[in-house]
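Inspection log for the structure reproduced underneath, given as structure tokens.
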Amino acid sequence: DHLWLQSLLVVAGTCFLEDAARCAVVLLVAAGQIGWWLALASMTAGGMAGDIGLYLIGRFGTNFLVRQRWMDRARLEWMEEYFRNHAAKTVLVSRFLPGARTLAFCAAGVIRYPFPRYLALLFLGAVTQALIFLKLGDFIGERILPCLRDPLSRAVIVTGLVLAGVLTHLTVAWLKRRRARRPPAP
């Protein structure tokens, strides 16, 4: 019940294990274990902390990347031009695409994108993502958790999920076999 400890744990979790931590926090909110506003503020701060870290890695790792020849001047110029034209879209969309965040936010640091603008975009994206997760959590808490309290409903849901997994597996296997039988294109 210690608010500061809860906040610290949520910030640290969303900083390092962002999506998994957000899902866990949302379930805790849905179960009434963490307050909604505390979760919103802490998930926003944690997400921003991780993204600032990525920016700083790009900012101060540029010389290393160039020295190792993993990046050349032409690529740096392309990234600068791209961010000049698409920075807001890149930062906001990257918040929602797993894996894209690392590349985009390190690139922002590499090209030394203006930090105040970067922070403003990060804040907007992190708050939006936290709100989406929390609204989904509200839905789960109101609609799905009550169903899971009944043993029969729980059995039906688990059976449905297992069947969906099996059908997905069978469909993917069938598509792979079908592609393997196709003659190669000339």
Side-chain angles (χ1 to χ4, degrees), residues 1-61 83 86-158 160-162 164-165:
D1 292 332
H2 195 276
L3 291 179
W4 288 106
L5 182 58
Q6 287 179 351
S7 180
L8 177 64
L9 289 172
V10 173
V11 168
T14 52
C15 179
F16 296 108
L17 299 169
E18 191 151 351
D19 294 331
R22 285 180 190 276
C23 291
V25 168
V26 163
L27 291 175
L28 288 171
V29 169
Q33 300 296 316
I34 293 180
W36 200 91
W37 289 102
L38 176 77
L40 175 66
S42 300
M43 284 195 299
T44 300
M48 287 184 67
D51 298 343
I52 290 168
L54 292 172
Y55 178 91
L56 293 174
I57 288 169
R59 173 83 166 78
F60 295 108
F83 262 85
H86 306 287
K89 180 175 33 175
T90 301
V91 171
L92 294 174
V93 169
S94 295
R95 284 280 329 136
F96 298 95
L97 296 175
R101 214 175 0 238
T102 302
L103 181 64
F105 297 165
C106 283
V110 165
I111 64 162
R112 292 170 167 75
Y113 187 75
F115 195 66
R117 272 191 258 166
Y118 177 74
L119 277 180
L121 292 171
L122 275 186
F123 179 75
L124 182 63
V127 166
T128 302
Q129 189 176 30
L131 285 170
I132 289 170
F133 270 82
L134 286 167
K135 286 300 182 185
L136 285 171
D138 287 344
F139 174 78
I140 290 169
E142 293 170 4
R143 307 292 169 129
I144 296 174
L145 287 181
C147 294
L148 294 177
R149 288 188 180 97
D150 175 43
L152 180 60
S153 297
R154 197 171 31 231
V156 169
I157 291 171
V158 168
L161 290 173
V162 169

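From a predicted model like this one, the values you see are computed outputs, not experimental measurements. Heads up: numbering here begins at 1 and tracks the sequence.
- Leu136 CG to Leu131 CG: the interatomic distance, rounded to the nearest 0.5 Å, is 11.0 Å.
- Residue Thr90 holds its OG1 atom at 9.5 Å from CZ of Phe105, rounded to the nearest 0.5 Å.
- Taking the side chain as every heavy atom from C-beta outward, Leu119 and Met48 approach each other to under 4.5 Å.
- Annotation: the span from Phe96 atom CZ to Ile132 atom CD1 amounts to 4.5 Å, rounded to 0.5 Å.
- Ring-plane geometry between Phe83 and Tyr113 is classed as tilted, the angle between the planes lying from 30 to 60 degrees on a 0 to 90 degree scale.
- Smallest separation of non-hydrogen atoms from Ser94 and Ala104: OG-CB, 3.2 Å.
- Pairing each heavy atom of Val127 with each of Leu40, the nearest pair is O-CD1, 4.3 Å.
- With a 4.5 Å cut-off on side-chain heavy atoms, Thr128 and Arg95 do not count as touching.
- For the pair Val25 and Phe133, the minimum side-chain heavy-atom distance is 4.5 Å or more.
- Once rounded to the nearest 0.5 Å, the distance linking CG of Leu38 with CG of Leu28 reads 11.0 Å.
- Annotation: the span from Gln129 atom CD to Leu134 atom CG amounts to 10.5 Å, rounded to 0.5 Å.
- To the nearest 0.5 Å, atom CG of residue Leu124 and atom OG1 of residue Thr44 are 10.5 Å apart.
- For the residue pair Val29 and Gly35, the shortest heavy atom distance occurs at CG2-O, 4.1 Å.
- For Phe139, the CZ atom is loosely surrounded, since the number of other residues' heavy atoms within 6.0 Å does not exceed 12.
- Other residues, nucleotides and ligands contribute at most 12 non-hydrogen atoms within 6.0 Å of the CZ atom of Phe123.
- In this structure, the side chains of Phe115 and Ile52 come closer than 4.5 Å at one or more pairs of heavy atoms.
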